Every structure is written in C-alpha cells, then in structure tokens.
Amino acid sequence: MDAAALRSALLAWYDVQARTLPWRVGPHERAPGVKPDPYRVWLSEVMLQQTTVPHAAPYFLEFTHRWPTVSDLAAAPDAEVMAAWAGLGYYARARNLLACARAVAAEHGGVFPDTEAGLLALPGVGPYTAAAVAAIAFDRPANVVDGNVERVTARLFAVEEPLPAAKPQLKALAGGLVRDGRPGDWAQALMDLGAVICKPKTPLCERCPVAAHCAALRTGAPEAYPRRSAKARRPHRYGIAYVLTRGEEVALVRRPPEGLLGGMLALPTSDWREAPWSLAEALAAAPAPADWREVGEVEHGFTHFTLSLRLLRAEGEGELAFHPRAALQGLPSVFLKAARAGLNGLI
DNA sequence: GAATCGTGGCT
DNA sequence: TAGCCAAGATT
C-alpha cells in the first residue's frame, strides 16, 4: 500500500469533486485555513448519524435559521426542539443535542472544546462525531471512521473478517492513512468517495480515483466487501393508536423521556406486543370512554421490529391534552402517518 | 459483545 | 415486495 500516492490521489479528487453541502464552506470560500463554524459541524454530524444527506439537509437549514448559535439552541424550550426534530428519527439524538448545547453554553462559555477528548465527553458525541468535529472544525489529525470509511477501507485492503467483528481492524487500517496535513479534507474525501463512488451495492470503480490502490477490485468482486455476518430477522408487533378529536383538535400525549420515541409528542396508544389485539381488548385499553370506531390500520418499520397499528377514532372529551391539528407536524412519522390515516377515516 | 433506537429511499 | 442501508451513541 503506497499511502502517500493514495492520499494524494484522493485529495486531488476531493479538490475537484467535493459535494457542496449546507454545512460545508462554500466552494468560493474554500482556502487553506478556512474552517467551518464548529457549531454547524457538530449539528450536521449529529443529524447525519445513521441518516442520509437529503433527509438531514432541510432540518439543518431549519435549525441553523431558528438557532444560529449553540447558545441560542441551549436556550430553546425542549418541546420546540423535539418538535423541530420530528421526522428525523433516533430521538435520543435530539435529547442529547439539547443536553450537549446546554453543556457547551454553561460549562464551556458557549465555545466547543477543540480536542477530540474534550468533544468526546459531551452528551451524544461518540467516537465518530468527536473525531469528525476535531478534524473538520479544528484541523486535528483524528481518525474519522463511519460506515463509509469502513466500507472504503475494507475494499482497499480486501479485509475478509466480517462486520461488525472487523470494526477494530478497519479502524486501525484507516488510522494508518491519517496524516497531519488536511485532516478535515481527508475525512470528508473518504466519506464523499464512499457516498458517491464506493457505494455499497454498485461501486463505480471505473470512476474511482484510488482504484489502482484497491485490493478488493483486484479480487474481481469489490461489491462483496465489506463482508457481513447474517442479521437476525425483525419480529412483528401489534398495537392500537387512538385518535380522539374534539372539534378541530386532537388528543396527544408526551411519551416518557427514555426508550422508543422518548420525549416526543404522540397519539395515545396501547402497549405494542407480539400478539394481535381483539377489538374488545382495544376498547378496554382506550385512554377515555367514548364511542370508538375502527377506522384503519397502518404499518410502520422500526429498526428492530415492524409494527401494525390499528386505528380507533372517536369524538369526545377526556382527561387528555388537546392540540390543534398543526401540532401533528411535531409528531414522529409513525404517529403522523397514523393520525392522517385516522382523521381521513381510511377503510 | 449485543440490544436498543427511526426514517425513507433504493434495489 | 421486502430487505438493505445511511456521516452512530448509549447501555
């Protein structure tokens, strides 16, 4: 492995092919020494955890418009931030985002730590995000390893060990390519390469700037890397969601602060269990006595199970908090989907 | 190490 | 259609 030639080829490609993204310094402002705002780097990295660029981008624009600095975000009410995050998923990120912003504001004078170790101590900032912010915002030669870097590295070195067991080996191999020069560009070049060229299913090796250095390409089946262990099948669960309206308003509940969809505004629901619910059971579990009618069902896939949610609707009162329909925009997608279906009276 | 934790686009 | 997958962190 000629690390110097590989680095030179990839950085040259990045200089020309870098994607223009909302959290990056614009192409006309790019120059040695010009670094992006750490707040924007951190915010983008948290939003991008397990999330695609097209999905995260509009949220980034909305957040930076509403809360231009980390201190602005730290001062925002929980409910506003959680509602603004709705639809982005992995809601622990939003809770940790606020905790982190408040820690930076209260304990660091509104200034992000400029070392990997300092960043790693913040809520919601793990090994990847600490390394990414240190490299991109603070020019630290950190080893930034995400799913892209794992895939690119597994292919460059034709690593036979399957994921996730291969993670330490891949991280060590990736670390062997990090240098003091242009650490932020290096990290982003690897990730851009993974996203645009070295794609999971169909790598575009004929357009790859480092094909000459790729051991997986020489095997004839680069798409077979990284190897992966077989995954467990997702179980199915069943639940009831209750759409209780009072005129133009809808009853909503705040979910407990931990666990699935924690801290988010939601429709009242039954438990989600492995056996389907009978109508009698569904009525017995209702959050308020009312003339409940079954009006539909929605399917929703979570990371580790799929959910069938039967929809019961009624008009009436109850010891519940009623919200205008506009508040539905602040619900997680599963409940927005269920509420729309229930209110439209599908079936 | 293994589980938990969302969503939407792609194949 | 039904998985597969994405700039992971936390417990």
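A quick note: this is a predicted structure, and the numbers were derived from the prediction, not measured. Each chain gets a letter, A, B and so on, in the order its sequence line appears, and its residues count up from 1. Scope of the values below: all heavy atoms of this structure, side chains included, with no hydrogens, waters or symmetry mates.
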Would you kindly give the [atom1]-to-[atom2] distance between [X] and [N], to the nearest whole Å?
X	N	atom1	atom2	answer
A:Lys231	B:dA2	NZ	P	14 Å
A:Glu258	C:dA9	CD	P	18 Å
A:Leu307	B:dT4	CG	C1'	16 Å
A:Arg233	C:dA2	CZ	P	12 Å
A:Met264	B:dG6	CE	P	9 Å
A:Arg234	C:dC5	CZ	C1'	11 Å
A:Asn96	B:dG6	CG	P	12 Å
A:Phe302	C:dG3	CZ	P	17 Å

Counting only side-chain heavy atoms from C-beta out, which of [options] sits nearest to [X]?
X	options	value
A:Arg151	C:dT10, B:dG6, C:dA6	C:dA6
A:Asp146	B:dT7, C:dG8, C:dC5	C:dG8
A:His300	B:dG6, C:dG8, B:dT7	B:dT7
A:Pro200	C:dA6, C:dG8, C:dT10	C:dA6
A:Arg228	C:dA9, C:dA6, B:dG6	C:dA6
A:Tyr90	B:dG8, B:dC5, C:dA6	B:dC5
A:Val334	B:dG6, B:dT7, C:dC5	B:dT7
A:His304	C:dA9, B:dC5, B:dG6	B:dC5
A:Gln50	C:dA6, B:dT7, C:dC5	C:dA6
A:Lys201	B:dT7, C:dA6, C:dC4	C:dC4

Heavy atoms under 4.0 Å, any strand shown: does [X] hit a base, just sugar-phosphate, or nothing?
X	value
A:Pro123	sugar-phosphate
A:Trp23	base
A:Val149	nothing
A:Pro127	sugar-phosphate
A:Leu190	nothing
A:Leu88	base
A:Gly259	sugar-phosphate

| Rounded to the nearest 0.5 Å, what separation is found between the OG1 atom of A:Thr269 and the CG atom of A:Leu311? |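 With rounding to 0.5 Å, OG1 (A:Thr269) is 11.5 Å from CG (A:Leu311).
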| Got a donor-acceptor pair under 3.5 Å from the side chain of A:Thr129 to the base of C:dG8? |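 Looking at the base of C:dG8, it does not pair with any donor or acceptor on the side chain of A:Thr129 (distance under 3.5 Å).
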| query | Is there a donor and acceptor pair closer than 3.5 Å between the side chain of A:Thr51 and the base of B:dG8? | reply |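 When only heavy-atom distances are counted, A:Thr51 does not reach the base of B:dG8 through any donor-acceptor pair under 3.5 Å.
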| Earlier contact from the 5' end, DNA chain C, for A:Thr52 and A:Leu122 | A:Thr52
Can you confirm whether [X] is buried at [atom1], in the sense that more than 12 heavy atoms of other residues, nucleotides or ligands lie under 6.0 Å from that atom?
X	atom1	value
A:Asp2	CG	yes
A:Arg293	CZ	no
A:Arg207	CZ	no

| A:Ser333 side chain N/O closer than 4.0 Å to the phosphate oxygens (OP1, OP2) of B:dG8? |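 Indeed, a polar side-chain atom of A:Ser333 lies that close.
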| said: Give me the distance, rounded to whole Å, that separates B:dG6 from C:dT11 when you measure between the P atoms they each carry. | reply: 14 Å
| task | Assign each of A:Lys199 and A:Gly87 to its nearest nucleotide of DNA chain B by heavy atoms, then name whichever residue's nucleotide is nearer the 5' end. | result |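 Nearest-nucleotide comparison on DNA chain B picks A:Gly87.
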| field | Centroid-centroid under 6.0 Å between A:Phe63 and A:Phe60 rings | value | no
| Checking side chain to side chain contact (heavy atoms under 4.5 Å, CB included) against A:Trp42, which of A:Val104, A:Leu122, A:Leu97, A:Ile136 comes through? |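 When side chain to side chain contact (heavy atoms under 4.5 Å, CB included) is applied between A:Trp42 and each of A:Val104, A:Leu122, A:Leu97, A:Ile136, only A:Leu97 qualifies.
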| Tell me, do A:Ile240 and A:Leu312 make a side-chain contact under 4.5 Å, heavy atoms counted? |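 The answer is yes, as the side chains (C-beta and beyond) meet within the 4.5 Å cut-off.
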